Structure formats: C-alpha cells, structure tokens
There are 2 protein chains.
Amino acid sequence: MGKNKIIYSIRVPRILEATVALIAEKGIQNITLDQVAQRAELSKGGLVHYFPGKDKLIESAVADFFRKIFERGREIRDRIDNPLKQLLSYTWLYNKNDPDLLVGYRLFFDIMSIASRDRRYRQVLQDFVENWITLLKASISRGIAAGDFQVRDVEETARSVSAVYQGVASRWFLDPENHSDEWAVRTVESLVGFLVTNKL
Amino acid sequence: MGKNKIIYSIRVPRILEATVALIAEKGIQNITLDQVAQRAELSKGGLVHYFPGKDKLIESAVADFFRKIFERGREIRDRIDNPLKQLLSYTWLYNKNDPDLLVGYRLFFDIMSIASRDRRYRQVLQDFVENWITLLKASISRGIAAGDFQVRDVEETARSVSAVYQGVASRWFLDPENHSDEWAVRTVESLVGFLVTNKL
DNA sequence: TAAAATATAAACCGAATAGTCGGTTTATAA
DNA sequence: TTATAAACCGACTATTCGGTTTATATTTTA
C-alpha cells in the first residue's frame, strides 16, 4: 500500500479519526463501514482499499488512539521529578472537559466488554495496561532508591496503583452525580500515598 | 400478560436464564431473539409474547441477575459480625470457579460499556452500585460506633471502598495472568483496611 | 359447553449491513 | 507519451435479524 505517500498520509489519519469518533458515539459494535466512509469523506470502496475489513479498521483505530493517550500520560509524567508526584500525576484522566478523554473512556469500556470474551481484545488491553505499569514501576523504584517509599513488591504495588486509578475512574465517569472530581482525586491521592509509604 | 400463572412461572424464569446465559456467551449486543427462543425451548413468537421487544427482554434479564448477585452478597455479609471483616467479606467476588461470577463480570462490563453512552443503562448501573454502597455504609457506621474505625466521611469512604473492589476486580478478571487471586485479596484488604482506620 | 382469551408456532417482511467487484480516475515510472 | 499500479467509486449480493402476521391449540370464563 502507499504508492502515493502523500495521499496516504492524509487519508489514513482521517479514516482513523473518523472511526474513533464514531466508536465513541455509537460503540464499537454499532458502527458501519458506510458511516465511517461518510465521515472520513471517501467512499466505502475507498475505505476498504485502505483497511481491508471492519476488524482491521477498528483494530488500527483503537491501537492508534490508545498510543496517543499513553504518550500524553508519559509526557506529563516526564515533566515531574518527585516520584510520589509522578504517581499522582495521572489525575489529568479525571477531567470531564477533555473531549479526548470522553472518547477514551467509552473506548476503554468497549474494549473491556469485548475483552471479557475475546482473547485478541484481552491482549490489546493487557498491552495497554502493561505500558502504564512500566511507567508506574519506574516511579516507584525511584522513590525507593530515594528512601521515600517503603514497598514490599514493586510490581505488585504498581498494579495496585493502576487498579485504584481504574476503579476510581470507572465510578467517576459512569456516575458523576455521586462521584465528584474531588472525590476521585482525594481517593487516589490517599490510596496511592498509602500504597507506597505505609506498606507493612 | 400471564393470566395463566402456572405456565408463566415456568416460562419466564427459563427465558431469563437463557437470555443471561447467551449474553454471557456473546455479549448483550450480539444475542438474537431466535437464539434466546431456541435456548429457552420455545418459538420466537412465544418469546415475544412474554417480552415484547428485545430491550424489555434484556432489561428484565439483567435486572433479575443483578438482584440475585446482590442478594448473595448481602447474605454472606449478614453472617459476619465484625465490621472490618464485613467490609472485606466481598472477596468471594474473586473466585474464578464460580460460573455465576463469570457470567456476572461479563454482564457488568457490557453494562458499563453501554452505560457510557446510554442514560437508561447508566441508571441501571447506578442503582446496582447504590445497593452495595448502602451495605458498605452500614458496616462502616457500625465500625465507627464500635470505636474501631476513623473515618471522615462515611459516604465518601464507602464509595472509595467500592471503587477499590471494582478496580481490582477489573484487572483480576481481564488479566488473570498478571493479577493473581492473592494479589486481588491482598490489595483489597490492605486498601480497605487503610481507608477505614488511617484516615487523617 | 360455547365463546372468549391466552399461548404458541411458523412463515414472512423489510431494514440494515459487511463485503465484493467491475470499472474509472489519478499518479508515477519508463 | 505511454504503461502500470494505486486510489477510488458505488451498485450489487447475500445474509442477518427484530418484529409482525397468520393460523392453530389450549385454557379460562360466562
């Protein structure tokens, strides 16, 4: 593919964006090739030319989007030096005004739902999570080296931190009426702080 | 509906069971009326006679199933007297050998995914969660009264406890290879214990 | 017991949709 | 200029599926 590199580099991002936007709107299971083609402003034939099959299309769009979100998290973390503050730096995820996050949460819930039955999607999810775990482990290790953290098992603690973020995010996103932004941030700060400093 | 009470009380549970089983297998979005009818051993016409429309059918099946799961949690909790042990009593949710839980998790992820776009489902989810919150608040209040817990805000703490359970469960269920039963139980015990005793 | 209400099955309808394909246009290379 | 491959279009096909209709059987009721 891609004899004409210029047109390719215009079309493909546009298709991926259209796909992700539609998924956010209707759900992975409910988008159609016609809809994607229409939003990406090309024909169904053209769409299929770039992504042969709906599965391939969705897979690419999801992977691309998650990669971007992760990059963002890493960049924000990298601007911080203190290990504990790094571990708490992901509260940008609790921002209702960020349209990318609205998309991201919906995508994430979709993926989880499908992953509960489909090994392939389970792998996508695991890979995504593993990236964050790696990031968290680095911060924890630095905190230990600096003498700030008391942690029995870095890996296990990183997974607990990550699980806390996810649990809080789920409630915060799906029931904002009963779970304020402040509750989310307070809970994460309290629990993550405990995980890295009060381990017996 | 259901002038004939006897036949009704046989058909309806059978239909609900078939629906839930099929949802667990294929996902809410992917079941068909024909499949449900076949598994419940009646015709599609018969099925529609009892539940006029797919939405009604799914709604009833989900509500019925969640009610049963909640009843189970309450019964287990009621057999325990110590407030902290009550708060930790829900680790029966981390049991891979229970077929009802396999069904339950898949259902739950489906609901979350749809709820992220559909107000009706968000309400279903909120109602379900609110039941657990009520249960947790009761335990926390008893612990405070007994002088065992130090908690700033009962409601907020109950929601944090619940979020911890959910976050841990998500990881434990979707990536069992990297999140052992022991990790799940240890994490919950550690975090919940902290939430009710070390609040500043 | 006859009429009415209910229960059930099977055939059917129409909309939606993933994927295919023949053919056209456009860009690059010879 | 010409040959070739990529890019693109949109009509067509086959299938799926929710819901309806029609017909028949069973149960309730008057």
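Naming convention: chains lettered A, B, ... in sequence-line order (proteins, then strands); numbering from 1 in each chain. A quick note: this is a predicted structure, and the numbers were derived from the prediction, not measured.
As a whole-Å value, the separation of K56(A) NZ from dG19(C) P is 12 Å. Between K54(A) atom NZ and dA18(C) atom P the separation is 4 Å, expressed in whole Å. dA6(D) atom C1' lies 13 Å from atom CZ of R11(A), rounded to whole Å. The CZ-C1' distance, from F51(B) to dG18(D), rounds to 17 Å in whole Å.
Within the 4.0 angstrom heavy-atom criterion, no nucleotide atom of any strand lies near L47(A).
Q38(A) CD: 12 or fewer foreign heavy atoms inside a 6.0 Å radius.
Relative to the side chain of S43(A), the nucleotides dA18(C), dT8(C), dG10(D) differ in distance, and dG10(D) lies closest. The Y50(B) side chain lies nearest to dT8(C) when the options are dT8(C), dA9(C), dA7(D).
Annotation for F65(B) and D100(B): closest pair CZ-O, 3.4 Å, computed over non-hydrogen atoms. Here the closest non-hydrogen pair linking L195(B) and T157(B) is O-CG2, 3.9 Å.
The closest side-chain donor-acceptor pair between W172(B) and S180(B), if any, does not fall under 3.5 angstrom. Donor-acceptor pairing under 3.5 Å is recorded for the side chains of N178(B) and D175(B).
For K44(A), no side-chain nitrogen or oxygen approaches OP1 or OP2 of dG10(D) to under 4.0 Å. Listed pair H49(B) / dA7(C) meets the phosphate criterion, a side-chain N or O lying under 4.0 Å from OP1 or OP2.
Within residues 29-41 of chain A, the residues having any heavy atom under 4.0 Å from DNA chain C are, by residue number, I31(A), T32(A), L33(A).
Relative orientation of the W132(A) and Y90(A) rings is perpendicular, given thresholds of 30° and 60° on the angle between their planes.
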